[in-house]
Structures are given as C-alpha cells and as structure tokens.
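Before any comments, here is the structure.
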2 protein chains.
Amino acid sequence: MEKELLTEEKIAEAAREVFIEKGMNGARMQEIADKAGINKSLLHYYFRTKEKLFAFIFSKLIHRIGDRLENLMQEGVSIEDKVKGYVELYIDILLKNPFLPNFILNEVTRNPDAIFEGFAAAKINPQKFFAPLENQLKAEGYNIDPRDFVINILSMVIFPLAGRPILEHIVFNGDKKAYKDYILSRKKSIVEFVMFALEGYKKLEVRD
Amino acid sequence: MEKELLTEEKIAEAAREVFIEKGMNGARMQEIADKAGINKSLLHYYFRTKEKLFAFIFSKLIHRIGDRLENLMQEGVSIEDKVKGYVELYIDILLKNPFLPNFILNEVTRNPDAIFEGFAAAKINPQKFFAPLENQLKAEGYNIDPRDFVINILSMVIFPLAGRPILEHIVFNGDKKAYKDYILSRKKSIVEFVMFALEGYKKLEVRD
DNA sequence: AAAAAGTTTGACCAAACGGTAAAAATATTT
DNA sequence: AAATATTTTTACCGTTTGGTCAAACTTTTT
C-alpha cells in the first residue's frame with residue numbers, strides 16, 4: 001500500500017513538461033509515458049483520462065501562481081519597490097519557463113470554464129488585490145486606475161516573453177543571447193518606464 | 001476552366017476562421033469543410049494537404065499585417081500622433097479578431113521556420129522600421145531605446161486582448177461589456193501612460 | 001506460505017483523423 | 001452532339017490516438 005509516490009511524481013513531472021510545451025491538444029499520452037519512463041497503460045491507471053491528468057497538472061500550476069501573487073501584496077513596501085520586485089521575480093520565472101505564458105493564454109481560451117474552476121480553487125481574489133493597491137497608489141500621490149497600473153506592468157513583462165520567437169527573429173535576427181540580454185535589461189527599463197509614467201499621474205487632479 | 005473562384009474563397013474564409021480559433025493542431029479538415037458547405041474530399045482537391053492549406057491562409061494573414069505596419073511609418077507625423085494612431089487602429093482590429101494574437105503567438109512557437117518564411121515573404125523589415133523611429137524619438141527629445149518604445153506599446157495593446165478570458169473573468173467577474181468598455185478606454189489611457197513615461201525620458205542625458 | 005491487494009505490462013479496440021481513388025456530375029471545347 | 005476537361009461526391013484506407021482488459025508481476029496482509 002502507498003508505494004505509488006515515485007511513479008505518480010514521475011508522471012506529474014513528465015506531464016507538466018509535455019502539456020506546457022505542446023498544450024492540451026498537442027500533447028500525446030504516449031509522449032508523457034515515454035518521458036516518465038513508463039507504460040502508457042500505467043498512465044491511465046494513475047490518471048484515468050487525459051482530461052483528468054490535464055486538470056490535475058493545471059490545478060497545481062495555478063495554485064503555485066496564486067501563492068506567488070499573494071506574496072507580492074505585503075504592506076509597508078513602496079510602490080516603486082513593489083514594481084521592481086514584481087518585474088524581477090516574473091522575468092526570472094518566465095525565463096526559466098518559456099512555454100508558461102503561451103500555455104496559460106491558450107488553455108484559458110480553449111476551455112475557460114474548466115480553467116476558472118482552477119482559479120477559484122486557488123483562491124485568486126481580485127478585490128483583495130485591487131482595493132489595497134488603489135489605496136496605496138493614492139496615498140503615494142499616483143492618480144492612476146489600479147487596473148491600468150497592474151495590467152500595463154503585466155503586459156510589458158509577459159508579452160515579450162510570450163512572443164519570444166517573434167522578437168528573437170524580427171528584432172534580434174535570431175541572436176538568442178542578444179534577446180536574453182535584452183529581456184534581462186528590461187528588469188530595469190520597465191521599472192524606469194513605469195515610474196516615469198507614474199510621475200505624470202502625480203500632477204493629475206483626482207478623477208471621478 | 002476558371003470557375004473555381006467561389007468555392008476556393010468559401011474554403012479560404014472557413015479555413016481562416018477555424019485555424020485562427022483552433023490553431024493548426026486543433027483545427028479539423030472536416031470542420032473546415034462543413035463550415036465551407038462542401039465535401040471533405042473537395043477540400044483536398046483544392047488544397048492537397050492540411051499543411052498546404054494552413055501555409056496559404058497564414059501567408060495571406062501575415063501579408064495583411066505587414067501592409068498595415070508599413071502604413072504606420074509615414075513621415076511628418078509626431079510621435080504622439082503615431083502612438084495614438086497605432087493604439088487605436090490595433091485595438092479596433094484585435095477587438096474584431098479576438099483569436100488573432102493567440103493564434104500568431106501559438107503558431108510562431110509551434111513551427112517557427114515555416115512562419116518566418118511567411119514574414120520574410122511579407123517583407124517585414126525591422127531595420128527600415130527602427131532606424132527612422134530612433135531618429136524621430138531623438139529629434140523630439142525622447143531619449144528612449146526605440147525597442148523599448150515599440151515593445152512596450154505592443155505589449156500594452158496586445159496582451160490584454162490576448163488574455164481576454166483571464167481579464168474578463170478575474171478583473172471583471174465575467175462582465176463582457178465592462179471588459180470591452182475597459183479595452184476601449186485603453187485607447188486613451190495607453191497613449192496617456194506612454195506620453196507620461198516619455199516625458200521622463202526627456203530629462204535623461206543621452207546614453208550610448 | 002497462502003491469500004489478497006496493489007502495480008505494471010502487452011495486446012488490443014473503436015473512433016477520429018488526414019488523405020486517396022475512382023466514379024459521377026457538371027462545364028467547356030471541338 | 002460528341003469528346004474533353006474540370007469539379008464534386010461516394011466510399012474507402014492507413015495511421016494515430018485515447019482508452020480498455022486481462023494477464024503477469026510485486027508488495028502487503030493474514
């Protein structure tokens with residue numbers, strides 16, 4: 001009884017890799033089995049269907065992301081330091097997991113309902129997130145919609161990594177090192193760009 | 001001879017819709033045939049393989065995008081007006097084609113080589129694009145890396161539309177109208193955000 | 001050590017898929 | 001109108017894919 005730990009973990013790790021790289025549609029149960037060094041039947045023994053295996057992997061992934069978001073909401077940290085911390089953390093994570101952004105964008109489009117159950121289970125709560133942020137922005141004199149603030153930063157961090165092949169080819173002529181150096185340089189330049197923009201919102205009258 | 005026009009166009013339109021929504025892997029020849037109101041064999045009569053059909057559709061798409069990019073590079077238009085024009089044009093296009101960003105991000109990851117042949121054929125030339133832009137930015141006193149300038153704007157325009165299901169659910173609690181209104185409001189707010197940021201770059205010393 | 005429970009394997013299946021071949025229908029040329 | 005070329009349909013094929021089943025092997029319980 002209860003010796004299943006090793007095998008199940010090998011499967012989970014293999015499935016995570018294949019799913020993230022190929023997506024639900026592109027992933028093959030055979031490939032996952034091979035990568036885990038086991039039989040395809042054994043895969044169905046542990047996770048009866050592909051759908052169930054996928055749901056399991058995705059749910060774990062979302063939980064990890066939810067936890068990380070939570071950690072970013074500590075009080076007593078200035079807006080600038082939050083921006084800096086967020087940008088650095090996520091660029092590092094995404095550089096190590098190049099397929100993650102596309103994977104999430106994809107699956108969330110392919111099957112929204114199933115995905116959002118995962119979000120709900122991970123207790124990702126936007127109101128707990130936006131309300132304090134809005135207060136802090138106002139307290140530090142930045143009169144910007146907190147949604148714009150968050151979404152603009154998210155965009156500038158994630159998009160260049162999600163669109164890696166495009167940038168790498170079109171902007172950097174296939175020079176992988178130049179691309180990676182550029183992405184790393186964005187740790188500074190995004191913070192700079194955001195803080196310059198925020199400076200402009202200091203001068204604005206309070207709106208509605 | 002040469003009556004093939006109608007059928008071929010019906011196929012192209014159906015294929016475009018299915019490919020953009022489901023991607024190359026998710027698309028089914030049968031679904032394309034059904035949507036075009038024809039037989040599956042007839043589909044293979046016009047475009048022998050799925051790969052060929054996909055290449056044809058993708059190539060047309062890239063060409064249209066390349067043309068639009070070209071139009072945005074006219075001289076004699078201020079940076080602010082270029083930002084404004086670009087943001088408005090692309091938000092409108094992407095609102096009408098919700099699956100386009102994810103589709104391109106996806107296919108470019110799935111099969112880069114084939115895709116970049118398409119880019120090359122569409123004569124998308126980054127150097128012709130970045131050099132004049134850098135000059136104009138400097139001429140107007142904005143000491144910012146033109147790559148940051150372009151990529152940040154691209155990010156802020158495309159990402160919230162590529163991640164529509166996520167934003168719609170997490171930020172707007174499934175309220176589609178609230179989401180769409182917000183995206184439309186970004187036509188102004190992105191320009192504002194960018195111009196505020198650019199203001200900061202005016203004060204910077206010229207860097208290498 | 002026998003029985004029972006859990007794990008792993010190999011052989012196999014039905015459905016879905018991309019694709020083909022030849023007949024049938026339609027249009028074009030002579 | 002007969003012959004020719006083109007377009008469309010019908011029926012089918014080989015592979016791939018997710019999934020099953022019973023047998024074999026291993027571990028745990030009695």
Side-chain angles (χ1 to χ4, degrees), chain A residues 1-61 99 103 106-107 110-111 113-115 118, chain B residues 1-60 99 103 106-107 110-111 113-115:
Chain A
M1 216 184 277
E2 207 151 329
K3 201 223 83 187
E4 77 218 39
L5 272 156
L6 266 152
T7 307
E8 193 170 327
E9 275 166 17
K10 277 194 303 184
I11 292 177
E13 175 59 18
R16 201 183 58 87
E17 287 176 27
V18 175
F19 275 133
I20 287 184
E21 183 171 345
K22 305 268 177 81
M24 165 72 181
N25 275 334
R28 303 296 132 183
M29 294 299 266
Q30 188 61 61
E31 188 181 351
I32 295 173
D34 291 349
K35 204 159 212 161
I38 58 154
N39 197 294
K40 198 184 67 172
S41 296
L42 196 51
L43 215 124
H44 282 94
Y45 174 74
Y46 280 97
F47 302 86
R48 284 225 307 284
T49 68
K50 188 185 184 185
E51 213 71 45
K52 281 198 174 26
L53 175 56
F54 181 81
F56 176 78
I57 300 294
F58 197 87
S59 161
K60 278 207 337 191
L61 208 89
F99 296 108
F103 170 71
N106 251 317
E107 297 309 328
R110 197 184 57 88
N111 188 359
D113 295 339
I115 301 306
Chain B
M1 216 184 276
E2 207 148 331
K3 203 223 79 184
E4 78 216 39
L5 272 155
L6 265 150
T7 306
E8 193 169 328
E9 275 166 17
K10 278 194 301 183
I11 293 177
E13 174 60 16
R16 202 182 56 87
E17 288 176 26
V18 176
F19 276 132
I20 287 183
E21 184 171 345
K22 306 269 178 81
M24 165 71 181
N25 275 333
R28 305 294 123 163
M29 295 298 267
Q30 188 61 59
E31 189 182 349
I32 295 173
D34 290 348
K35 203 158 212 162
I38 58 155
N39 198 295
K40 199 184 68 173
S41 293
L42 195 52
L43 214 122
H44 283 94
Y45 173 74
Y46 279 97
F47 302 86
R48 286 226 307 285
T49 68
K50 188 185 183 184
E51 212 72 46
K52 281 198 172 36
L53 175 57
F54 181 81
F56 176 77
I57 300 293
F58 196 87
S59 161
K60 278 207 336 190
F99 296 108
F103 171 73
N106 251 318
E107 298 309 327
R110 199 184 55 88
N111 188 359
D113 295 339
I115 301 305

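Note that this is a predicted model, so its numbers are computed, not measured. Note on naming: letters A, B, ... go to the chains in the order of the sequence lines (proteins, then strands), and numbering restarts at 1 for each one.
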Checklist entry - Do the side-chain N or O atoms of A/Y45 get closer than 4.0 angstrom to the phosphate oxygens (OP1, OP2) of C/dT8? => result no
Checklist entry - Nearest-Å distance, CD (B/E8) to P (D/dT7)? => result 10 Å
Item to check | DNA chain D-proximal residues of residues 18-43 of chain B, any heavy atom under 4.0 Å | outcome: B/N39, B/S41, B/L42
Item to check | Any side-chain heavy-atom pair of A/L53 and A/F19 under 4.5 Å | outcome: yes
Checklist entry - B/H44 has an atom NE2; how far is it from atom C1' of D/dC13, in whole Å? => result 13 Å
Next on the checklist: Measuring to OP1 and OP2 of D/dT7, would you say a side-chain N or O of B/T7 lies under 4.0 angstrom away?
Outcome noted: no
Next on the checklist: Less than 6.0 angstrom from the centroid, inside 45 degrees of the normal: does A/R110 satisfy that with respect to the ring of A/F58?
Outcome noted: no
Checklist entry - Any side-chain heavy atom of B/K60 sitting closer than 4.5 Å to one from B/F56? => result yes
Checklist entry - Quick one: does A/R28's side chain get under 4.5 Å of A/K22's, heavy atoms only? => result no
Checklist entry - Would you call A/E13 and A/R16 a salt bridge, using N to O less than 4.0 angstrom? => result yes
Next on the checklist: For a quick test of reading the model, state the closest non-hydrogen atom pair linking B/A27 to B/V18 and the distance between them.
Outcome noted: CB-CG1, 3.7 Å
